[in-house]
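Just below is one structure, and these are the notes that go with it.
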Amino acid sequence: MSESGVAGTQIPCSICQTPCSVFDTVFYVQKLIERYSAAMREIKALQANECLAPESDPGTDQQLSPQEASEIGNAAQDYANASQHAPLERWLKAKQIHARFEHSNVDMSGYFDEAAQQLGKEYSLFGELVQRVNWSYRKNHTGLNIDLSAASQKDVQQLTTLCRQFYGHTLFARYHYQKQEKIIRLSLQPAPKIRKFFEGAWLEWFALMELVDLLNSRKKGFSCARGVEVLFPNEDVHELDVLVQPTGQDPICIECKTGEFRREIDKYQRLRKRLGIERSRFIICATDITEDQAVSLSAMYDLTFVNLNSLSRHLTSIV
């Protein structure tokens with residue numbers, strides 16, 4: 001509430017006495033942030049062509065950092081269209097595999113990609129929050145409370161900041177932090193896309209962005225897709241979580257697992273062989289395995305297993 005009036009009423013301006021509307025402080029600040037974010041996106045898009053242009057000195061080979069590539073490259077590139085998916089479609093068609101793409105699955109103009117990167121890079125802290133939100137959705141609850149009384153001050157700050165940001169970008173319908181009790185109260189957003197994000201799509205976004213940022217930082221072209229439905233000649237249908245084809249290379253397929261996956265290992269081995277993808281490029285990214293377990297599983301099966309920490313290192317070694 002404003003300190004000088006009640007939100008929704010009008011009071012005289014202290015200088016000219018003209019009636020002015022009183023706005024709720026939180027609402028006003030959110031609107032300022034939205035306008036600032038929109039302005040920054042527009043500026044980045046306008047600057048992108050200049051920033052991504054080749055250097056005038058042909059002997060200089062500079063690379064963008066993954067963060068710069070994400071902010072500049074993704075602002076300039078619209079991935080959610082048929083032409084961007086065309087190289088992947090041609091590669092699959094050459095193997096007599098029909099592909100159905102949902103182009104909007106790689107639309108990076110929203111907040112899903114950024115939110116996923118926040119969760120993935122600090123999953124050791126944010127993982128329990130994601131799991132509890134997912135559980136609440138499955139039980140058809142409308143909200144949940146997060147008790148932070150046992151958390152450190154640093155963790156409390158990071159968790160409240162994340163929840164406040166997610167609320168500001170509408171991933172939560174309501175956010176309130178009771179400071180004295182150290183309890184976060186969240187209302188869940190009923191929108192299907194938000195529910196799907198917390199149910200596991202966030203990991204697909206995280207894996208996709210790790211690879212997209214890496215390729216942009218190396219100034220390599222690529223075709224990318226998420227949630228690709230592939231139809232084989234015998235009419236078997238499978239869905240590929242993340243599929244990215246660097247220019248001049250075979251695609252990289254990343255299957256994303258936030259829960260039990262062990263009973264599906266044989267299915268993925270057969271799928272990899274049918275696609276004709278090398279084992280190093282068919283990746284199972286699982287949130288609940290250690291790096292030692294990932295190494296052991298990779299040695300046991302004709303697949304590559306990684307967790308959130310080792311995904312980036314493995315991608316760096318194959319592109």
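These numbers come from the heavy atoms of this one structure, side chains and all, not from hydrogens, waters or symmetry mates. What you are looking at is a predicted structure, and each value in this text was computed from that prediction instead of being measured.
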* Least distance between heavy atoms, Pro251 atom then Ile277 atom -> O-CG2, 3.9 Å

* With a 4.0 Å cut-off, would you call Glu291 and Arg313 a salt bridge? -> yes

* Structure fact -> Nearest heavy-atom approach of Leu188 to Ser136 is CD1-CB, 3.7 Å

* To do: Begin with the C-alpha distance, continue with both residues' side-chain angles, and end with the deciding distance and a verdict on salt bridge (charged side-chain N to carboxylate O under 4.0 Å, His left out) for Arg195 and Glu199.
  => CA-CA 6 Å; Arg195 175 170 183 159; Glu199 287 177 342; 2.8 Å; yes

* Output yes when a side-chain donor or acceptor of His85 lies under 3.5 Å from a complementary backbone atom of Asn81, and no otherwise. => yes

* Asked: Would you say Asp250 and Trp91 make side-chain contact, with heavy atoms under 4.5 Å?
  -> yes

* Please find out if less than 6.0 Å separates the ring center of Phe166 from that of Tyr175. => no

* Residue Arg263 excluded, over 12 heavy atoms near CZ under 6.0 Å -> no

* Structure fact -> When every non-hydrogen atom of Ala207 is compared with those of Cys256, the smallest separation belongs to CB-SG, 3.9 Å

* **ring-ring contact (aromatic ring centres under 6.0 Å, His included) partner of Trp202, the single match among Tyr111, Phe197, Tyr123, Phe112** => Tyr123

* To do: Would you indicate whether the side-chain heavy atoms of Ile284 and Ile289 approach each other to under 4.5 Å?
  => no

* **Val130 reachable from Tyr137 in the ILVMFWY side-chain graph, under 4.5 Å edges** => yes

* Asked: Can you check whether His314 reaches Ser280 side chain to side chain, under 4.5 Å on heavy atoms?
  -> yes

* **Validation row, ring centre Phe198 to ring centre Phe172 under 6.0 Å** => yes

* Side-chain donor-acceptor pair present, Asn105, Glu204, cut-off under 3.5 Å -> no

* **Audit row: Trp135, His141, side-chain contact (heavy atoms from CB on, under 4.5 Å) steps and yes/no** => CA-CA 9 Å; Trp135 183 88; His141 295 172; 3.4 Å; yes

* To do: Consider only side-chain heavy atoms of I, L, V, M, F, W and Y, link residues closer than 4.5 Å, and tell whether Leu88 and Val106 are in one cluster.
  => no

* **Contacts of type side-chain hydrogen bond (donor to acceptor under 3.5 Å, both in side chains), residue Ser317, not counting sequence neighbours** => none

* Asked: If you look at every heavy atom in Arg279 and Tyr301, which pair is closest and at what distance?
  -> NH2-O, 2.6 Å

* **Cluster overlap Leu243 with Tyr268, hydrophobic side-chain contacts below 4.5 Å** => yes

* Could you tell me which non-hydrogen atom of Asp241 sits nearest to which non-hydrogen atom of Ile254, and how far apart they are? => CB-O, 3.3 Å

* Asked: Do Asp292 and Thr290 have a side chain donor and acceptor closer than 3.5 Å?
  -> no

* **Min side-chain heavy-atom separation Glu264-Glu255 under 4.5 Å** => no

* Decide yes or no for Thr142 and Ser187: does some side-chain heavy atom of the first lie under 4.5 Å from some side-chain heavy atom of the second? => no

* Asked: Hey, quick one: are Leu271 and Ile252 part of the same hydrophobic cluster, counting side-chain heavy atoms closer than 4.5 Å, chains of contacts allowed?
  -> no

* **Between Asn309 and Asn307, a side-chain donor and acceptor under 3.5 Å** => no

* Asked: Got a sec: does the CD of Glu278 have more than 12 other heavy atoms crowding it under 6.0 Å?
  -> no

* **Same apolar cluster (I L V M F W Y, side chains within < 4.5 Å links), Ile283/Leu275** => no

* **Whether Gln84 side chain and Cys224 backbone form a donor-acceptor pair below 3.5 Å** => yes

* **Side-chain donor/acceptor of Arg272 to backbone N/O of Asp302, under 3.5 Å** => yes

* To do: Starting at CG of Asp213, measure out to CD of Gln117 and round the result to the nearest 0.5 Å.
  => 5.0 Å

* Do side-chain atoms of Thr161 reach the backbone of Gln157 as a donor and acceptor pair under 3.5 angstrom? -> yes

* Asked: Say you draw a straight line from OG of Ser109 to OH of Tyr79; how long is it, rounded to the nearest 0.5 Å?
  -> 12.5 Å

* To do: Answer yes when Glu239 and Arg100 have at least one side-chain N-carboxylate O distance shorter than 4.0 Å, and no when they do not.
  => no

* Asked: Got a donor-acceptor contact below 3.5 angstrom from the Arg174 side chain to the Gly143 backbone?
  -> no

* Asked: What is the distance from atom CZ of Arg226 to atom CG of Leu240, rounded to the nearest 0.5 Å?
  -> 13.0 Å

* Structure fact -> d(Gln245 CD, Arg281 CZ) to nearest 0.5 Å is 9.0 Å

* Asked: Minimum heavy-atom separation for Ile194 to Gln189, with atom names?
  -> CG1-CG, 3.6 Å

